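Computed from a predicted model, the values in this text were never measured in an experiment. Throughout, numbering of the chain's residues begins at 1 and tracks the sequence.
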Amino acid sequence: MKKNILLSIFSGLLLWLAWPPMHYTAWFLFFGLVPMLLVIENIIQSPSKHKGKNVFWTTFLGFFIWNVLSIYWVYNALKIIGDVTAIPISLIPYSLGPLLMSSACWLYFRMRIVSSRPRALFALVCFWIGYEYLHQSWDLAFPWMTLGNGFATTHQWVQWYEYTGVYGGTVWIWLSNILVFLIYVGLREAQHKQLRLKLTGVLAAVIVLPIGYSLYRYSHYTEAVNPSNIVVVQPNIDPYAKEGDIPAPEQIAILTKLSDSLAQTNTEFFIWPETAIPDYVDEDRIRSSNYFLQVQRFLSKYKNGNVITGAETTKLYNIRETKTADAIPGSSQFMDHFNSAVNIENSAEVQFYHKSKLVPGAESLPFGNALSFLKPVFEHLGGAVGAYGGQEHPTELYAASGIGAAPVICYESIWGEWVAQSVRNGAQFIAIITNDGWWENTSGKDQHLDYAKLRAIETRRWVCRSANTGISAFINERGDIVQQTKWWTRTALKQNINLNSDITFYVDHGDYIPKTTSFLAVLGILFLGVIVRFRRKNTA
C-alpha cells in the first residue's frame, strides 16, 4: 500500500512540474500518468478485498496534489471572505476535479475487471475525456485542468489544435502514457521482445509525428495581410478599490489618457478591461449615461474608433423575462445584472455582450436553474437568490466598418468551443477583457495568459488581451506572444494585427472529440451496469 501511495504522489508531482507556467518540462506529460496506471494495476493484482475503494482514494491523493499545487492561487481570490474561512471554501475547487478524475480511474478499474486490458484502456480515455467535458459543461464548471491545456507553454508543439482543440492534446497525452505503461508492464510480465519493440516504435511515432508536423506548420504558417490598429489598456486599478474608493469618472479618465498616449488617427479599437466602468449602467438608458458621454467625447478624435470595455450593466423588465432576474423590492419590476462587454462607437449605436461562462459561486448560483421555481418564495420572505445573467450563445461586437470582434470576458477564455462559435459567426479577432488582480502575483495570471495562446491556434485569430492589473498582451495567429505588459503597471500597448476570416476545422466542428468520447463513456457505464446486474442476478 505504501508503494502505491508513493507512486500516486510521484504522479501528482510530475503533472504539476509539467503544468503551465512551468517552462521546458511539458514533456513530463508524456509519462506523468504512468505511475497512476501502475497504482491501479498493482491494486488489481493485490489480494485486497476493497480494491475499488483503494483505487479511488489512492489515485485521488495524487490528483489532489497536482491540482492544489497548480491552482493554489484560487485561495487568494477567496481571502476577501476571511483568511481562515477561505480555506474550506478553497477545498471545493481543489477537490472537485480530483474526485472526478478518480471516478474515471475507478470506472477504468471496473472495466478492467470485466474486460481485456486494451479495451479497458480505451474505455479509460473515454471516461477521462467524459469527465473533462462534464467539468466544462455543468454548473460547477472549472475546465482549468483539462489535460490538453498542459501544452500552453509549448504551443509550437500543438499547432494541430486548429483541427482538434485542446481535447486532441488530452488524447495525445493519454495515448503516450498508455504506451509507456504497456512497455513497462511488459518487462514485468515477460512480454515478447518483438511486441515490446513494436510498442516502442509506436510510442516514438505517437510523440514525434505530431510534434514534427506542428513544428513544420509553425515555421511555414503565414498570416494574410489585413491590418487593423488596436490599443489595449492596462489601468492597474486595485480590484478592491474599483468600486467606491476611486470614482468611476476618474477611472475612465485614466483609461482615456492611456488610450490617447498610443492612439493613431487610424486606430480602430481601444480595448479596456473587465468592469472598466464599475458602476451599474442601465442598458436601455446608456446613451444618457455620463460614462457613455465621457467615452464618446474621447472617441470624437478618432473617426473609426471603437471602445470595447467591460462594464456592469442592468436591464429592467415588467415581468420576469429570465430565470436570473430578481424582483425589485417595493416595485412590480424585475432586474437582471450582467458582467458585460460593451462596444461604443462614434454614433448612437451601442452593442452588448453578457458574460455567460460564469464563475460558480462568485457569479452564479450552481444549479440555480433547477431551483429557480423557489425564487418567488425567497423574495416573499425578503431574500434574494441572485446571480449574473448571461446568454445562451455568444455574440460578436462589430465596428461600423464591419470588423467583427469576439468578446471574451475573463474566465470564458478557457472554453475553446465558446470562443470558436463567435469566430464561426464572423469575428475576425478575439478581444479578451479580464481582471486577474484578485489572484495577486501568482501563477494564476500566467496560466490564464498562456491558455489564451491556445485560443489563437484553434481559431487562427489574433488575441488582444486587456487585463486590469496585467498581464495584457497581443498574441498572433501562431500563438506567439508578440507584446506583453509587466504585472501591476499602468500602461498600454499598440499593435497592428491581421484580421482573419478563414475558418479552421476546429472552429467549424467544435468539440467533436469530447462529444464522441462522452457518448462512448456513457455506453461504457451502461455496459458496466448491465454486467453488475447480471452477476447479482446469477448469484441470487
Whether Tyr411 and Phe142 hold their rings parallel, tilted or perpendicular, with breakpoints at 30° and 60°: parallel
Check: His155 and Lys453 side chains under 4.5 Å, non-hydrogen atoms: yes
Interatomic distance, Phe109 atom CZ to Ser103 atom OG [nearest 0.5 angstrom]: 13.5 Å
Interatomic distance, Lys355 atom NZ to Gln391 atom CD [nearest 0.5 angstrom]: 13.0 Å
Centroid-centroid under 6.0 Å between Trp157 and Tyr218 rings: no
Closest approach of Ala521 to Phe127 (non-hydrogen atoms, all atoms of both residues): O-CE2, 3.5 Å
Within the 6.0 Å centroid threshold, strictly below: Phe28 and Phe31: yes
Ile433 side, atom CD1; Ser472 side, atom OG - distance, nearest 0.5 Å: 11.5 Å
Distance-only donor-acceptor check, side chains Tyr240 and Asp245, under 3.5 Å: no
Atom NZ of Lys53: over 12 foreign heavy atoms under 6.0 Å: no
Residue pair Glu312 / Tyr280, side-chain donor-acceptor N/O under 3.5 Å: yes
Qualifying residue for ring pair (Phe, Tyr, Trp, His ring centres under 6.0 Å) with Phe63, from Trp128, Phe56, Trp106, Trp16: Trp128
From CA spacing to verdict: side-chain contact (heavy atoms from CB on, under 4.5 Å), Gln234, Asn468: CA-CA 5 Å; Gln234 182 173 303; Asn468 173 35; over 6 Å; no
Side chain proximity check, Thr313 to Asp282, heavy atoms < 4.5 angstrom: no
Distance-only donor-acceptor check, side chains Glu363 and His337, under 3.5 Å: no
Side-chain heavy atoms of Thr170 within contact of Glu132, under 4.5 Å: yes
Under 3.5 Å side-chain donor-acceptor pair for Asn425 and His393: no
Nearest heavy atoms of Ile254 and Ile237, plus distance in Å: CD1-CD1, 4.4 Å
Between Thr322 and Asp336, a side-chain donor and acceptor under 3.5 Å: yes
Asn290 CG to Ile277 CD1 distance, which is reported to the nearest 0.5 Å: 11.5 Å
Any side-chain heavy-atom pair of Thr489 and Lys486 under 4.5 Å: yes
Aromatic ring pairing Phe151/Phe30, orientation class (parallel under 30°, perpendicular over 60°, tilted between): tilted
Side chain to side chain donor-acceptor pair (under 3.5 Å) involving Gln495 - partner list, sequence neighbours excluded: Gln483
Aromatic centroids of Tyr75 and Tyr94 separated by under 6.0 Å: no
Residues Asn76 and Glu440: side-chain donor-acceptor under 3.5 angstrom: yes
Arg465 bridged to Asp436 by N-O distance under 4.0 Å: yes
Shortest non-hydrogen contact from Gly150 toward Ala26: O-CB, 4.2 Å
The single option from Trp66, Trp19, Trp73 passing ring pair (Phe, Tyr, Trp, His ring centres under 6.0 Å) against Trp144: Trp73
Non-hydrogen atoms of Cys126 and Thr517 that approach each other most closely: CB-O, 3.7 Å
Minimum heavy-atom distance between Pro93 and Val74, given as atom pair plus value: CG-CG1, 3.7 Å
Salt-bridge criterion met for Asp260 and Lys257 (N-O under 4.0 Å): no
Distance-only side-chain donor-acceptor flag, Glu417 / Tyr167, under 3.5 Å: no
Residues Asp480, Gln156; criterion side-chain hydrogen bond (donor to acceptor under 3.5 Å, both in side chains); working and verdict: CA-CA 9 Å; Asp480 302 320; Gln156 299 89 346; 4.7 Å; no
Residue pair Thr434 / Pro273: nearest heavy atoms and the distance that separates them: O-CB, 3.6 Å
